[in-house]
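As the structure lists them, so they are numbered: ligands from 1, and atoms in each ligand from 1.
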Amino acid sequence: MADKSLTPEQQRLQLLAREFTAKHIIPVAAEYDRSGEFPLFIVEEAKKAGLICNAVPTEYGGAGYDSVSQAAIVEEWAYGCAAFATTLGGNGLSCYPLLIAGTEEQKKLYFSRIVAGGLGGFALTEPGAGSDAGAVATTAKLEGDEWVLNGTKCFATSCGYANIMIIFASTDPSLGVKGLSAFIVEQERPGLTVGAVEHKLGIRSSNTVELLLKNVRIPKNHLLGKEGEGMKIAMKTLDMARPMVASQGVGIARRALDEAIKFAKSHLDVNGKPLAANQSIAFKLADMAIQTEAAKQLVRNCLRLKDSGLPYTKEAAMAKTFATDTGMRVAADAMEIMGAYGYSQDSVVEKLVRDAKIQQIYEGTNQIQRLVISGIILKD
Ligand SMILES: Cc1cc2nc3c(=O)[nH]c(=O)nc-3n(C[C@H](O)[C@H](O)[C@H](O)COP(=O)(O)OP(=O)(O)OC[C@H]3O[C@@H](n4cnc5c(N)ncnc54)[C@H](O)[C@@H]3O)c2cc1C
């Protein structure tokens, strides 16, 4: 059943994504998790279902859904598999910077390419620059009418397959974060190569790669926004992306709760009664349900603010922190309820625990979210 607190159109999209997940993700998630193979097929299926580039306005060929709908869709995908959700939802990371700072010409040109290919990338992180984006060492130098980019990016989601990437580089390293700029780089540019592929604990079938830039030449008009606006663009992008990561946390928590309930109702305790007949188990399930619902509502509240044009940076950081911590905690609780069966690789809960961890780390660790939140509440 769709969530009745959503509008009829949001409910339609929630059900569409739920059916899509049941048909295309759940049946193959464990197999892709084991092999670590990238599920390129899911991008084509998402295109057919009208579930690709959900943040891109319809005039540029995207789905143009509101933020609450986008989050509801990501939540359904993550219910099936967080790696698939990272691949399909992570696309937003390349679309948001264009929405934030793209000129009309840039939007027309590059949205059409991202929509056609189905995958875009966002490369900010470097070996020496994770939480501290100001330490980016990749450089961009203007030579005539071209920018020349040099450096190494790492942990770049989908960048082994993305046809358009937003790459952050410094045009003046002496300025720190103020020297950071964002550039639109096409996959086929000479000098841009994909380096090592990461093998990960969780979201194993998502594509996480190193990007090597050696004298990558791009036209001057591939600068996104103004020179020196890179940090501002990156932070606004992360504001938009964090509620989507939060939705992955909610999807993981919902799946873990469903698996734990199924187990607690069918598995018998030492007295021959279902586990769920023990109040300690029933109360734990109730707590898991409370946390999952609270996480979902925190995400929705934040996105309703966003869709109303109100500030939502603090709420995005809160939703990301609470929902991803909830995903981790509820998955671990489900494993506890299921005992050895939850720990076995035959159990989906074992995968949920592994997939939940990264949600607390990427798009700003939950410690960095607390820096954002405390910075705002202490200033008010
Ligand atoms: C699977 C995966 C996909 C990713 N996808 C992308 C992507 O598409 N694009 C991209 O640009 N990046 C991506 N990342 C990178 C990710 O966003 C970073 O890993 C993350 O921001 C943290 O940076 P770091 O790993 O360098 O940790 P560090 O910054 O080195 O932090 C290490 C630890 O120190 C803590 N810490 C750091 N600074 C502070 C502080 N001031 N106060 C308190 N604690 C602090 C952190 O919370 C963390 O616990 C991805 C990473 C992974 C693993």
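- For atom 42 (N) of ligand 1, the closest non-hydrogen atom of the protein is Leu371 CD1, 4.0 Å.
- Across the listed options Ile358, Thr365, Ile368, Thr237, Thr365 owns the non-hydrogen atom lying nearest to atom 46 (C) of ligand 1.
- Leu211 belongs to a hydrophobic cluster whose remaining members, ordered by chain and number, are Leu142, Trp147, Leu149, Met165, Ile167, Phe183, Val185, Leu192, Val194, Val197, Val209, Leu213, Val216, Ile218, Leu223; membership requires side-chain heavy atoms of ILVMFWY residues under 4.5 Å apart, directly or through intermediates.
- At least one N or O atom of Phe155 sits closer than 3.5 Å to an N or O atom of ligand 1.
- Considering backbone and side-chain atoms together, Leu124 places an N or O closer than 3.5 Å to an N or O of ligand 1.
- Of all protein heavy atoms, the one lying nearest to atom 25 (O) of ligand 1 is Ile361 CG2, 4.9 Å.
- Under the rule for a ring-ring contact (aromatic ring centres under 6.0 Å, His included), Tyr343 has no partner lying at least two apart in sequence or in another chain.
- Taking any N or O of Thr125, backbone or side chain, at least one lies under 3.5 Å from an N or O belonging to ligand 1.
- Below 3.5 Å of separation, one finds no N or O of Thr208 facing any N or O of ligand 1.
- Distance from atom 43 (C) of ligand 1 to its nearest protein heavy atom, with residue and atom name: Gln367 CB, 4.2 Å.
- For atom 32 (C) of ligand 1, the protein comes within 4.0 Å by no heavy atom at all.
- Checked by distance only, ligand 1 and Tyr362 stay at 3.5 Å or farther apart across all their nitrogen or oxygen atoms.
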